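Take a look at the structure below.
Whatever order the structure lists ligands and atoms in, that order sets their numbers, starting from 1. Worth saying up front: this structure is predicted, and the values here are computed from it rather than measured.
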Amino acid sequence: MNLNVELNSVARRYGRVKAVDGVSFSAAPGEVIALVGHNGAGKTTLIKLMLGLARPTAGSVAVLGQDPAAGDATVRRRLGYLPETVSFNPALTGRETLRFYVRLKGGRRDEEDALLERIGLAHAADRRIGTYSKGMRQRLGLAQAMIGTPAVLLLDEPTTGLDPELRQQFYAIVREMQAVGATVLLSSHALNELEGNASRVVILNDGRKIADGTLDELRHIARLPTRIRLKT
Ligand code: ATP
């Protein structure tokens, strides 16, 4: 099978701390994989490893068939990333902001307009971001990650702080990316919001993968830590 992301017994230590400890999973085109765990479980470190911003201390990471830390420009261009906290200049409009990122990333001419349409912000394109709601800012962040139609999208806790309706709006766009064949990896604290939105869930605890499966499969696992146990 064609795999966009492959992690093999990956570990990453920071001194004595094992941020990631022997994690393996893979993701094919068109899959949305959620990384779920409490604070400090290792979600951001895994995303950094897939971005090539951190190197594994053991094991291997392949993104689009390459080591992401090797700095291959083709791989970098095909990766989209939404950090946990995005802050845009409130004095710029949505269109100006996206145009800046499209130019920075060498995107298509006028790609910002197509993206604003896609994320449902065309009507607010010329409003200053200072007037945007949190949900609108988060969708703009997603648009920034979608420049160039990446094959792999890495989204770090993209729905934290959004109410349930805004979360579902956000996931609707993620599902569109999935439908065109992107592999999406996103981290989350909340298992219940993933219903219908994630193909598979990887549960992390203290850097280790403790479960991996569809939401239905995970519902039957009793040994999940209570903090992340699924509501049945
Ligand atoms: P959160 O939900 O709080 O973002 P997380 O699941 O993303 O948590 P990580 O940020 O990956 O967790 O951190 C995993 C562990 O590794 C934590 O104990 C953290 O303190 C530690 N850690 C992560 N990055 C570093 C670093 N650069 N230096 C030292 N320790 C680190």
From CA spacing to verdict: side-chain contact (heavy atoms from CB on, under 4.5 Å), H38, D206: CA-CA 9 Å; H38 56 77; D206 293 337; 3.8 Å; yes
Steps toward side-chain contact (heavy atoms from CB on, under 4.5 Å) verdict (F88, V86): CA-CA 7 Å; F88 294 121; V86 225; 3.9 Å; yes
Test salt bridge (charged side-chain N to carboxylate O under 4.0 Å, His left out) applied to D156 and K43, step by step: CA-CA 8 Å; D156 200 352; K43 305 179 295 296; over 6 Å; no
Stepwise side-chain contact (heavy atoms from CB on, under 4.5 Å) check, V63 with R78: CA-CA 10 Å; V63 175; R78 299 187 68 208; over 6 Å; no
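When non-hydrogen atoms are compared, ligand 1 lies under 4.0 Å from the side chain of H189 (C-beta onward) but not from its backbone. Using a 4.0 Å cut-off between heavy atoms, N39 contacts ligand 1 through both its backbone and its side chain.
Under the 4.0 angstrom criterion for non-hydrogen atoms, G37 is not in contact with ligand 1.
Distance check on atom 31 (C) of ligand 1: some protein heavy atom falls below the 4.0 Å cut-off. Protein heavy atoms are found less than 4.0 angstrom from atom 22 (N) of ligand 1.
Regarding atom 27 (N) of ligand 1, its nearest protein heavy-atom neighbour is Y14 CE2, 3.5 Å. Residue, atom and distance of the protein heavy atom nearest to atom 8 (O) of ligand 1 are G40 N, 2.8 Å.
Distances below 4.0 Å separate heavy atoms of H38 from the following atoms of ligand 1: 6 (O). Listed by atom number, the atoms of ligand 1 under 4.0 Å from V17 heavy atoms are 16 (O), 18 (O), 21 (C). Interface atoms of ligand 1 facing T45, defined by a heavy-atom separation under 4.0 Å, are 9 (P), 11 (O), 13 (O), 23 (C). For ligand 1, the atoms lying closer than 4.0 Å to a non-hydrogen atom of A41 are 5 (P), 6 (O), 12 (O).
Considering only heavy atoms from C-beta on, Q138 stays 4.5 Å or farther from L166 through its side chain.
Checking only distances, G42 does come within under 3.5 Å of ligand 1, N or O to N or O. Considering backbone and side-chain atoms together, A19 places no N or O closer than 3.5 Å to any N or O of ligand 1. For K48, no nitrogen or oxygen atom sits less than 3.5 Å from a nitrogen or oxygen atom of ligand 1, counting backbone and side chain alike.
In this comparison of K43, K18, E84, the heavy atom closest to atom 6 (O) of ligand 1 sits on K43. Nearest-residue assignment for atom 4 (O) of ligand 1 (options L49, L46, T160, T44; heavy-atom criterion): T44.
Residues L140 and F100 share a single hydrophobic cluster, defined by chaining ILVMFWY side chains whose heavy atoms lie under 4.5 Å apart. In the hydrophobic cluster analysis, where Ile, Leu, Val, Met, Phe, Trp and Tyr join through side-chain heavy atoms closer than 4.5 angstrom, I119 is grouped apart from L92.
Side chain to side chain, D216 and T214 fail the donor-acceptor criterion of an N or O pair below 3.5 Å.
At least one cation-pi condition fails for R167 and Y171: the charged atom is not both under 6.0 angstrom from the six-membered ring centre and inside a 45 degree cone around its axis.
Remark: E117 CD is loosely packed, at most 12 non-hydrogen atoms of other residues, nucleotides or ligands lying under 6.0 Å away.
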